[in-house]
Structures are given as structure tokens and as C-alpha cells.
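In what follows, every chain begins at residue 1, and chains take the letters A, B, ... in the order their sequences are listed. Since the structure is predicted, the reported quantities are computational estimates derived from the model, not experimental observations.
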Protein chains: 2
Amino acid sequence: MPITTQEIERRMTHFETVCRDKGIKRTHQRIEIFREVAQAEDHPDAEQIFQRVQKRMPTVSLDTVYRTLWLLHELGLVITLHSGRERTHFDANLEKHHHFVCEHCGFTRDFHCSDLDRIRLPDVLKNFGKVKTAQVEARGLCKACLLKK
Amino acid sequence: MPITTQEIERRMTHFETVCRDKGIKRTHQRIEIFREVAQAEDHPDAEQIFQRVQKRMPTVSLDTVYRTLWLLHELGLVITLHSGRERTHFDANLEKHHHFVCEHCGFTRDFHCSDLDRIRLPDVLKNFGKVKTAQVEARGLCKACLLKK
DNA sequence: TTTAATGCAAAAGATTTGCAACATG
DNA sequence: CATGTTGCAAATCTTTTGCATTAAA
């Protein structure tokens, strides 16, 4: 299920709104970097995002990609994901969703499930702090890795 | 709720069993490194584990800590955790449990909840691969970070 | 015009590796 | 004893930073 053009546009508009609200400049680079994450469904890491953006924008530099990704993270426009020895992966899906992660190769995909969205967390958590979101991380082996074993 | 001495001993015994089964040598270093993770409840990263082990074993080297931690991970004796810009954190709790993570400082704690243990995952996941475990990641701000803001 | 963002190159950090010496089973 | 493991130091890989230049609002 690829991300619809509509959804990508929605994300771009939201990005625009947030930037205006916080007085962040919408530079050519930031727009392209955010678009790349917004339209990716494979949760790329910084290096992958850099390579993809570079195709359309050959002068972009890797450090700008890093700076921009963490800025987007601070702004709450992307979330981060990790697994095992893998590097940080980025996800622009802000809707309630959950993750499948392959423990072997790091393959990661979103999935949606309204039952899981209604999870009730125990009160013990109040001892730790304030919970903002909760999602399920389903870990296992992806199809490709199952075959390899 | 600190980890009981009993539980730590149980983990050490399990470590011993796994090593014997797989023909892995139980060196002084590996034992101390695993013990350190087994008794920690704050999910330390490699550097922290190194520093703690070093107190008891001044000659241990950082690269042995890395090698050992990933070995333990391969053996299924520890799981890894991450958050935001943080480095990889290690957890020797093999029982079904869930995590609270502070998005701001990386503070991480386990919590248990039998309701959450019974989570039923949707069939969509079969398209991705085989799920081995599923846990809830509750993200938010820890008490210390709440005060700072 | 003012302020913030970029690209470059260099620095800093984190993790991994080759290899001789050493310890475990 | 044979083999796997360690420590060291160096290499590698990843991420961050300082600063002059450039671009957005």
C-alpha cells in the first residue's frame, strides 16, 4: 500500500504550517528532504535520504541532511526508529500506527490496527513520567530473511 | 523495584546453559559483562557497561565489551533498545515486558502488564514476515525532563 | 536588510578489525 | 593442546561543528 499523493501533499502542507508557526525557513533543501521522508514507506536512514535527495539536488550535502532530519524530529514532523545494529531510521507517518521490524536485516514497515490503538496503559507508568504516545513494536524476521535461514 | 539477587542468579545460570549448548567459552570478561547487564535496570549502553565493568576489571577493553554485547544479542541473551539520538541500550530482561522511554533524555525503564502481554496482532503482519515478539513502547517525558521544561 | 541556513572541510565520536599473546575447555 | 578470545592500536565509519558564503522572509 503505497502512500497516496494526497497524503504526501497533506504532509507537505503540515510541514509548511509548522515552519510558518515556528519561524523556520522553508529552504529548497529542507523541502526536498522532508518530501523524501514524507513519500518513503521504507523508513530510510540519513544516508539513504541523502542519496535519494541528491538525485534531484546534486549539490545537497550530507550534513544538511542530518541537520534537517533532527530539526524535523524536534518539530515533531518525523519520528525515529531503530533496530539491532542498524542506524536511525526516519518516519513521517504521524497517524497512530505500529511497527513491524525484522531483527535480522532491519526491514521496517508501518501497520495500522484500531484494536491496538485503544491500548490502555497501566498506572505504574505515572512513576516514570508522562506518556505521550504508545505503539506496538512487532519484532521478528521478514520474508526475505526467513528464506535465507 | 530493583532486580532481585535471585533473578540475577537465574540469568547467570541461563547464560551458562546457553554458552555450554553453543560451545561458547565463558571467559572472565564475558561473565563480568553479562553480569553487569543482568543486574542493571537502567538499560546501559556499551560505554556505560564498559565503565562499570572496568571498576572490577581494570584491564577490560572497550572493544571486548562491544564484541561481547553483540554476541549476547546474537545468542538471544539480551535485547537492544534505542530512542532518538541515543546510542544502543542493552536489556537482559527476557521476560515479557514493555518499555517506557523518555523522548528527551533517553531514560528507559521496563514495565510489566499482563493485559498488554495478551495483545493480538492483525493478520496484515503475515505479509511482512514472521513475528516473534511484540511489545509496547510508551514514549513521553520522564519526571526529570518534565521539570526542566 | 536581517537573520538563519548551507556547503565545505575538518574534527569528533563511535564502532570495528587485524594480529600477536593468552586463556578456556 | 587446539581453538577461540582478548587487548592493543590503528582503521573505519558515522555524525557533528566552525566558518565564510548564500538565500529566505
Side-chain N,O (A:Arg87) to OP1/OP2 (D:dT14) below 4.0 Å: yes
Can the ring centres of B:Phe34 and B:Phe15 be said to be less than 6.0 Å apart? yes
For B:Asp110 and B:His99, what are the C-alpha separation, side-chain angles and deciding distance, and is it a side chain to side chain donor-acceptor pair (under 3.5 Å)? CA-CA 5 Å; B:Asp110 288 354; B:His99 296 121; 3.2 Å; yes
Value in whole Å for how far the P atom of D:dG7 lies from CD of B:Gln54: 10 Å
Hey, what's the ring geometry for A:Phe90 with A:Trp70, parallel, tilted or perpendicular (30° and 60° as the breaks)? perpendicular
Tell me whether the side-chain N/O atoms of B:Gln29 come closer than 4.0 Å to OP1 or OP2 in D:dG7. yes
Whole-Å distance between D:dA9 P and B:Arg67 CZ? 14 Å
What is the distance, to the nearest angstrom, from the CG atom on B:Leu62 to the P atom on D:dT6? 13 Å
Nearest whole Å is fine: how far is D:dT17 P from A:Leu71 CG? 14 Å
What is the distance, to the nearest angstrom, from the NE2 atom on A:His89 to the P atom on D:dT14? 12 Å
To the nearest Å, how far apart are B:Ile33 CD1 and D:dT6 C1'? 10 Å
Please confirm whether the shortest side-chain N or O distance from B:Thr27 to OP1 or OP2 of D:dT5 is below 4.0 Å. no
Using a cut-off of 4.0 Å on non-hydrogen atoms, how would the nucleic acid contact of B:Arg30 be classed: base, sugar-phosphate, or nothing? sugar-phosphate
Has the side chain of B:His89 got a donor or acceptor atom that lies under 3.5 Å from a matching backbone atom of B:His43? yes
Please compare B:Lys25 and B:Thr68 by the position of their nearest nucleotide in DNA chain D and report the one closer to 5'. B:Lys25
B:Leu69 CG to D:dT5 C1': how many Å, rounded? 15 Å
To the nearest angstrom, how far is A:Phe50 atom CZ from D:dC13 atom C1'? 15 Å
D:dG7 phosphate, OP1 or OP2: any side-chain N/O from B:Thr64 under 4.0 angstrom? yes
Report yes if a side-chain nitrogen or oxygen of A:Arg85 is closer than 4.0 Å to either non-bridging phosphate oxygen (OP1 or OP2) of C:dT16; otherwise report no. yes
A:Asp63 has its side chain closest, among C:dT17, C:dG25, C:dC8, to C:dC8
Flag yes if more than 12 heavy atoms outside A:Lys130 fall under 6.0 Å of its NZ atom; otherwise flag no. no
